[in-house]
J.: 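Below you'll find the structure I mean.
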Amino acid sequence: MITLIKNIKELLQVRETSVSKVSGAEMAVLPTLKNAFLILKDNLIEDFGSMDNLPEIKADKVIDATGRIVLPSWCDSHTHIVYAGNREQEFVDRINGFSYEEIANRGGGILNSAKKLNETSEEEIYEQSKLRLEEVMHLGTGAVEIKSGYGLTVEGELKMLRVIKKLSQNYPISIKATFLGAHAFPLNYKDNKAGYIDEIITKMLPEIAHNKLADYVDVFCETGYFSVEETEQIMEAGIKFGLEPKIHVNQFNSIGGIQAGIKFKALSVDHLEVITAEDIEALKNTDTMPVALPSCSYFLSIPYTPAREMIKAGLPLALATDFNPGSTPSGNMNFVVATACIKMKMTPEEAINAATINGAYAMGISETHGSITKGKKANLILTKPITSYYQIPYAFGSNLIESVFIEGEILA
Ligand code: NIG
Ligand code: FE
């Protein structure tokens, strides 16, 4: 099946040779091609170029993209899309003056979601989660990482990971699974933290590895959650079971989680709302991708990751949604890109690089996703007619997407 998209006003994120990520200064440049064609063969990008050099081909399908922009799908490297119910009441409680921390301390927060998850059947969790997955696909996400972490019991964590696996089997979008058993200490282990960590290491991890249910291991390294020492212990165990670390750090406090992640060669360190000069220094010249989650900052009214400082220091940055019921009930990458520009002062070029190629890196798929490169997946966004790609962050409340391609096919 050959699809020709012709007369593309501007083709974004065009990379002749595959790069795995773009750092600091490189993020300022978004390579594009004006008046372009793009040829898809089955599920892959076959060719692209200027309309002046359009080769003679017999296409099964021709799409005229006059006035429209084409870019690679968003790569959302950090989500918690699989959950049960919602936390609307906590949202209203926060409006009425309670903090996220206060709500968590009285048994709400992650423990509230864990209770709901353990009370809900696997089938029902799948049904609820698939609607969110379908929604984000229509919003232009072409690859997504999904975490467990609302089970906090052997059975609950396995149930979540099985739901993630089933989603990846039933949907054409690329899905990476992350085991986040260390998301919070369950109530029955409140006074026996070592006991819960032992449960993670001796019961959950072996079962997950044996059934190949996860690609990555995550820990919520934060005051009141998992200490740096506990985080290291879990990363070390995860690595032994073949899971690369990708961790939550520096959401509320800088306690050394970044340095721990780097020590264990974490693929990414995510959140980073609170980050010190030493943290930035530590990230230099490492393979660990910093990931910012601006819609979490927006929803909780907490600081935004200081993107300018980090980019100035030469660091790469990726952007993701953090879609979850507590801190970010939104999986809209278009909003993330807009918020990064509006609140974090990233340029549109930097934000699009961060949400495509660097997002792909942060979930270990930059060889196949994140740029318009021959041989990569034909996962694309075709916009409505727009004046320029600046509109993507500028018109922050509009849906500018006309169609989404996943594996070379238009999403119905
Ligand atoms: O990434 N910070 C830790 N975990 C999630 C929120 C979890 C929740 O509130 O349910 C996050 O923001
Ligand atoms: Fe998260």
Side-chain angles (χ1 to χ4, degrees), residues 76-91 93-94 98-118 125 128-129 132 136 144-152 156-157 160 164 176-186 216-226 230-231 234 245-255 257 261 266-274 289-305 318-331 333 336 359 362-363:
D76 189 353
S77 66
H78 181 141
T79 84
H80 311 246
I81 278 179
V82 170
Y83 59 82
N86 64 57
R87 305 232 297 273
E88 287 166 2
Q89 185 56 50
E90 294 182 7
F91 168 60
D93 292 345
R94 280 195 302 107
F98 292 94
S99 71
Y100 182 73
E101 202 184 355
E102 283 165 342
I103 291 167
N105 287 344
R106 63 170 200 219
I110 296 166
L111 295 185
N112 180 358
S113 287
K115 184 166 183 289
K116 289 188 164 83
L117 186 119
N118 283 294
I125 295 165
Q128 292 182 18
S129 304
R132 291 186 278 268
V136 304
V144 67
E145 179 260 18
I146 309 177
K147 302 175 193 296
S148 68
Y150 291 123
L152 310 182
E157 287 296 310
M160 286 188 79
I164 299 172
K176 289 282 183 182
T178 299
F179 167 55
L180 176 56
H183 199 187
F185 286 97
Y216 301 110
V217 62
D218 195 347
V219 182
F220 186 17
C221 180
E222 182 59 63
T223 308
Y225 292 83
F226 291 79
E230 290 161 345
T231 302
I234 294 160
K246 227 177 115 53
I247 58 174
H248 283 73
V249 295
N250 292 53
Q251 183 176 6
F252 301 108
N253 299 283
S254 173
I255 59 171
L267 181 59
S268 71
V269 283
D270 305 26
H271 270 288
L272 314 173
E273 289 89 340
V274 175
M289 176 65 72
V291 180
L293 310 167
S295 41
C296 174
S297 300
Y298 176 85
F299 190 72
L300 292 186
S301 302
I302 60 173
Y304 287 87
T305 301
L319 289 166
T321 64
D322 198 20
F323 196 173
N324 75 75
S327 71
T328 325
S330 163
M333 280 295 284
V336 164
M363 54 195 294

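Every number for a ligand or one of its atoms is a count from 1 in the order of the listing. Along the sequence shown, the residues carry numbers beginning at 1.
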J.: Within ligand 1, which atoms have a heavy atom of His271 less than 4.0 Å away?
T.: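 Taking each heavy atom of His271 in turn, ligand 1 has 1 (O), 2 (N), 11 (C), 12 (O) under 4.0 Å.
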J.: Roughly, to 10 degrees, what angle do Asp322 atom OD1 and His78 atom NE2 form around the Fe ion (ligand 2)?
T.: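 That angle is 80°.
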J.: Specify whether His271 and His78 have parallel, tilted or perpendicular ring planes, treating 30° as the upper limit for parallel and 60° as the lower limit for perpendicular.
T.: perpendicular
J.: In terms of atom number and element, which parts of ligand 1 are under 4.0 angstrom from non-hydrogen atoms of Gln251?
T.: 2 (N), 3 (C), 12 (O)
J.: Taking only heavy atoms of His248, which atoms of ligand 1 are found under 4.0 Å from at least one of them?
T.: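 Atoms satisfying the 4.0 Å criterion: 1 (O), 2 (N), 3 (C), 4 (N), 11 (C).
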J.: Who gets closest to atom 6 (C) of ligand 1 by heavy atom: Tyr225, Tyr100, Phe299, Phe323?
T.: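 Shortest heavy-atom distance from atom 6 (C) of ligand 1: Tyr100.
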J.: Could you tell me the separation between the CD1 atom of Ile110 and the OH atom of Tyr225, rounded to the nearest 0.5 Å?
T.: 4.5 Å
J.: The Fe ion (ligand 2) is nearest to which N, O or S atom of His248?
T.: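 Within His248, restricted to N, O or S, the Fe ion (ligand 2) is closest to atom NE2.
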J.: Could you list which atoms of ligand 1 come closer than 4.0 Å to a heavy atom of His78?
T.: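 Every atom of ligand 1 under 4.0 Å from some heavy atom of His78: 1 (O).
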J.: For the CD1 atom of Ile103 and the CZ atom of Arg87, what is their distance to the nearest 0.5 Å?
T.: 8.5 Å
J.: Looking only at protein heavy atoms, identify the closest one to atom 4 (N) of ligand 1 and say how far it is in Å.
T.: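 Looking only at protein heavy atoms, the one closest to atom 4 (N) of ligand 1 is His183 NE2, 2.8 Å.
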J.: What residue and heavy atom of the protein are closest to atom 11 (C) of ligand 1, and at what distance?
T.: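 Checking every protein heavy atom, the shortest distance to atom 11 (C) of ligand 1 gives Asp322 OD2, 3.1 Å.
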J.: Can you classify the ring geometry of Tyr150 versus His183 as parallel (below 30°), tilted (30 to 60°) or perpendicular (above 60°)?
T.: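 Plane angle between 30° and 60°, so tilted.
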J.: Output the distance between atom CD1 (Ile302) and atom CG (Leu293), rounded to the nearest 0.5 Å.
T.: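 Atom-to-atom, Ile302:CD1 and Leu293:CG are 9.0 Å apart.
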J.: Is the closest heavy-atom distance from Glu222 to ligand 1 below 4.0 Å?
T.: no
J.: Can you list the atoms of ligand 1 that are under 4.0 Å from a heavy atom of Tyr150?
T.: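 Matching atoms, with element in brackets: 7 (C), 8 (C), 10 (O).
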J.: Can you list the ligand 1 atoms lying under 4.0 Å from a non-hydrogen atom of Ser327?
T.: 6 (C), 9 (O), 11 (C), 12 (O)
J.: Give me the one residue out of Asp218, Ile255, Ile247 that meets side chain to side chain contact (heavy atoms under 4.5 Å, CB included) with Thr231.
T.: Ile247
J.: Drop me the distance from Phe179's CZ to Ser148's OG, to the nearest 0.5 angstrom.
T.: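 With rounding to 0.5 Å, CZ (Phe179) is 5.5 Å from OG (Ser148).
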J.: Against Thr178, only a single residue in Lys147, Glu145, Lys246 fulfils side chain to side chain donor-acceptor pair (under 3.5 Å); can you say which?
T.: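 Only match with Thr178 under side chain to side chain donor-acceptor pair (under 3.5 Å): Glu145.
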